[in-house]
**Q** 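One structure, as C-alpha cells, below. Some questions next.
Throughout, protein chains are lettered first and strands after them, A, B, ... in sequence-line order, and every chain is numbered starting at 1.
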Protein chains: 2
Amino acid sequence: MSFFKGSELYSVDAKGRVSLPAKMRKNLAPEANDTFVVTRGPDDEPCIYAYPLDEWRKFEESLKALNQFQERDRFFVRTLLLWADEVTLDNQARISIPKGLVDFTGIDKTALIIGAIDHVEIWKPETFDNYLNGRTESYANVAQSVMGLRGA
Amino acid sequence: MSFFKGSELYSVDAKGRVSLPAKMRKNLAPEANDTFVVTRGPDDEPCIYAYPLDEWRKFEESLKALNQFQERDRFFVRTLLLWADEVTLDNQARISIPKGLVDFTGIDKTALIIGAIDHVEIWKPETFDNYLNGRTESYANVAQSVMGLRGA
DNA sequence: CGTTCGGTGGGGAAAAGTGGGGAATGTTGG
DNA sequence: CCAACATTCCCCACTTTTCCCCACCGAACG
C-alpha cells in the first residue's frame with residue numbers, strides 16, 4: 001500500500017510535465033503500475049489530486065456506494081469525474097498534467113507537490129499560500145483537536 | 001520499542017547535519033533501521049519532531065484513520081506531511097536536516113536535542129527558551145494535573 | 001601515556017531533476 | 001478516403017544536488 005509524505009517545489013516544463021519526486025516514487029505500490037488518476041481536489045482553492053491506481057480502485061468503491069438518485073451525490077460524482085483522467089509515468093518518472101487541470105489550477109512553470117497519505121497533491125504555489133493564509137485556526141489547535149483524543 | 005530521554009546541545013554544520021547523541025542512539029530500536037521521519041512539531045513555536053521509523057509506522061496508522069473529506073483533518077494532514085521527510089543516519093550517526101525545516105525553525109550552528117519518549121525533538125535553543133518563558137502555568141501545577149489522577 | 005569513543009568537517013561518486021528534439025499517433029478538414 | 005496538422009509520447013543528454021565515505025580533533029578512560 002502506498003503512503004505518501006513530504007513536499008517538493010518542482011518545475012513544470014512547456015509541455016505540462018512534472019516529475020514525481022523520487023521519495024514518493026519509492027512509496028508507490030507496484031500494483032499502481034506507474035499509473036495515476038488525476039482529478040480536482042475537494043477544496044475551494046483549486047488543486048490537483050493524483051491517486052495511484054491501487055488507491056483509486058479503493059476510492060472507486062466508495063463512489064459506487066453513493067446513490068445517484070440523490071441530487072447532491074450526483075453533483076459530487078459529476079464534478080469529480082468531469083476532471084478525472086488517467087496518466088502514466090514516463091521513463092523519467094514524469095506525468096503530464098491534462099490541459100484542463102492546468103487551466104483549472106493556473107499552474108505555470110512551477111508546482112508544489114505534496115504527499116498526503118493515499119494521494120499526491122499538485123498546487124500552484126501561490127494558491128497554496130492563499131490556502132494557508134485563509135486558515136482561521138492555528139495548526140497547534142487543529143492538531144490537538146484532531147489527534148488529541150487518541151487513547152482517551 | 002524505542003524510548004528516548006535526556007537532552008544535548010549540539011552543533012549543526014554548514015550542510016545542516018547534526019549528530020544523534022550517543023545515549024539516544026542506544027535506545028533506538030533495530031527495527032528503525034537507523035532511519036527517522038522528521039517533520040514539524042505540533043507547537044506554535046517551530047520545532048522538529050524526529051520519529052524513528054518503527055514509531056512512525058504506528059503513527060501512520062492513526063493518520064490513515066482520518067477522513068480527508070473533513071476540512072480540518074485535511075489541513076492537519078497537509079501541514080504535517082508537508083514538512084515530513086525520511087532521513088537515515090550516516091556512518092557517524094548523523095542526520096541531515098532538510099532545508100525546509102532548517103528555514104522553518106531558524107536553526108543555525110546550534111541545536112537543542114531532547115528525547116521525548118517515542119520521538120526526538122530538535123529545537124533552536126532561543127526558541128525553546130521562548131517556549132519555556134511563554135508558559136503561564138507552573139511545572140508543579142501541571143505535574144499535579146497531568147499525573148495527579150493516576151489510580152484515582 | 002596510549003587507546004577508544006564521540007563529535008566535527010570536507011571532498012568525490014552516484015542519483016535525481018530539467019530540458020529539448022524526433023517519431024508515432026490521433027484528429028480535423030478537404 | 002487522404003492529406004495536413006496538431007498533439008502526445010518516448011528517448012537522449014546535460015546539470016545540479018544529494019549522499020556516502022574518509023580523515024581529523026578532542027575528551028574520557030584504562
Side-chain angles (χ1 to χ4, degrees), chain A residues 4-28 33-38 48 50 53 83-103 107-115 120-125, chain B residues 4-28 32-38 48 50 53 83-103 107-115 120 122-125:
Chain A
F4 300 108
K5 61 181 179 292
S7 64
E8 293 289 339
L9 202 61
Y10 266 32
S11 70
V12 181
D13 66 22
K15 298 179 181 177
R17 295 178 299 188
V18 299
S19 295
L20 181 68
K23 57 188 173 193
M24 301 183 195
R25 209 176 308 155
K26 283 176 185 147
N27 291 324
L28 186 59
N33 255 20
D34 284 354
T35 305
F36 284 83
V37 175
V38 293
I48 299 173
L53 199 54
W83 299 97
D85 204 350
E86 211 162 293
V87 295
T88 306
L89 296 180
D90 67 13
N91 286 5
Q92 285 70 37
R94 292 179 291 195
I95 62 167
S96 76
I97 307 174
K99 192 169 173 311
L101 285 169
V102 171
D103 295 345
I107 287 174
D108 158 69
K109 303 278 183 201
T110 309
L112 176 66
I113 305 175
I114 306 175
V120 172
E121 303 186 357
I122 305 172
W123 291 78
K124 179 187 173 83
Chain B
F4 302 108
K5 59 183 182 295
S7 66
E8 292 288 341
L9 201 60
Y10 266 33
S11 72
V12 181
D13 67 23
K15 293 182 179 177
R17 294 179 299 190
V18 24
S19 295
L20 180 68
K23 58 188 176 192
M24 300 184 194
R25 207 176 310 156
K26 283 173 185 149
N27 291 323
L28 185 60
N33 254 25
D34 282 354
T35 304
F36 283 83
V37 174
V38 294
I48 298 172
L53 197 55
W83 300 100
D85 205 349
E86 215 163 288
V87 295
T88 307
L89 297 180
D90 66 14
N91 286 4
Q92 286 69 38
R94 292 177 293 192
I95 62 167
S96 78
I97 307 174
K99 191 172 173 309
L101 285 170
V102 172
D103 295 345
I107 288 175
D108 158 69
K109 305 280 182 199
T110 310
L112 175 65
I113 305 175
I114 307 175
V120 172
I122 306 172
W123 291 78
K124 180 188 174 83

**Q** Decide side-chain contact (heavy atoms from CB on, under 4.5 Å) for A:V18 and A:I107; before the verdict, give the C-alpha distance in whole Å, the side-chain angles of both, and the deciding distance to 0.1 Å.
**A** CA-CA 11 Å; A:V18 299; A:I107 287 174; 5.9 Å; no
**Q** I'd like to know if B:Q92 reaches the base of D:dC20 with its side chain, counting only an N/O donor and acceptor under 3.5 Å.
**A**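 By the distance-only test, no, there is no pair.
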**Q** When the distance from CD of A:E86 to C1' of D:dC9 is rounded to whole Å, what number comes out?
**A**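 Answer to the nearest Å: 16 Å.
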**Q** Do A:L112 and A:I122 pass the side-chain contact (heavy atoms from CB on, under 4.5 Å) test, and can you show the C-alpha distance, the side-chain angles, and the key distance before you say yes or no?
**A** CA-CA 6 Å; A:L112 176 66; A:I122 305 172; over 6 Å; no
**Q** Take A:S96 and B:K15, find for each the nucleotide of DNA chain D with the closest heavy atom, and name the residue whose nucleotide sits nearer the 5' end.
**A**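 It is A:S96 whose nearest nucleotide is closer to the 5' end.
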**Q** Can you tell me whether the side chain of B:R25 and the base of C:dG6 have a donor-acceptor pair closer than 3.5 Å?
**A**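 Donor-acceptor pair under 3.5 Å: no.
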**Q** Test for a donor-acceptor pair under 3.5 Å between the base of C:dG6 and the side chain of B:K23, counting only N and O atoms.
**A**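 There is none.
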**Q** How many Å lie between CG on A:D90 and P on C:dT18, as a whole number?
**A**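 So the CG-P distance, A:D90 to C:dT18, works out to 13 Å.
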**Q** Across the strands shown, which category fits A:K26 at heavy-atom distances under 4.0 angstrom: base, sugar-phosphate, nothing?
**A**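 It contacts sugar-phosphate atoms only.
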**Q** Would you mind checking if A:K26 and B:E86 are paired as a salt bridge, meaning a charged N to carboxylate O distance below 4.0 Å?
**A**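 Not counted as a salt bridge, because no side-chain N and carboxylate O are separated by less than 4.0 Å.
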**Q** In whole angstrom, give the distance that lies between atom CZ of B:R17 and atom C1' of C:dG10.
**A**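 Taking atom C1' of C:dG10 as the reference, CZ of B:R17 is at 8 Å.
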**Q** Just the rounded figure in Å: distance from P of D:dT17 to CG of A:L9.
**A**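 In whole Å, D:dT17 P lies 14 Å from A:L9 CG.
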**Q** Under 4.0 Å, heavy atoms only, any strand: does A:S11 hit a base, just the sugar-phosphate, or nothing?
**A**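 Sugar-phosphate, no base atom in range.
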**Q** Rounded to whole Å, please give me the gap between CD1 in B:I97 and P in D:dT18.
**A**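 Spelled out: CD1 on B:I97 to P on D:dT18 is 14 Å.
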**Q** Give A:N91 one of three labels, base, sugar-phosphate or nothing, depending on what nucleic acid heavy atoms sit under 4.0 Å from its own.
**A**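 The residue A:N91 makes sugar-phosphate contact but no base contact.
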**Q** How many Å lie between CG on A:L89 and P on D:dC10, as a whole number?
**A**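 Atom-to-atom, A:L89 to D:dC10, this comes out as 11 Å.
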**Q** For A:Q92 and A:S19, work out which heavy atoms get closest and say how close.
**A**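 Closest approach of A:Q92 to A:S19, heavy atoms only: O-OG, 4.4 Å.
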**Q** Would you mind reading off the distance between A:E8 atom CD and C:dT18 atom P, rounded to a whole angstrom?
**A**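 After rounding, the gap between these two atoms is 9 Å.
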**Q** Checking only heavy atoms, does the side chain of A:R94 share a donor-acceptor pair with the base of C:dG19 at less than 3.5 Å?
**A**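 Yes.
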**Q** Just the rounded figure in Å: distance from C1' of D:dC19 to CD1 of B:I95.
**A**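 For the pair B:I95 CD1 and D:dC19 C1', the rounded distance is 14 Å.
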**Q** Go through it in stages, so that I can follow the logic: the residues are A:L28 and A:F4, the test is side-chain contact (heavy atoms from CB on, under 4.5 Å), and I'd like the CA-CA distance, side-chain angles, deciding distance and then a yes or no.
**A** CA-CA 8 Å; A:L28 186 59; A:F4 300 108; 3.9 Å; yes
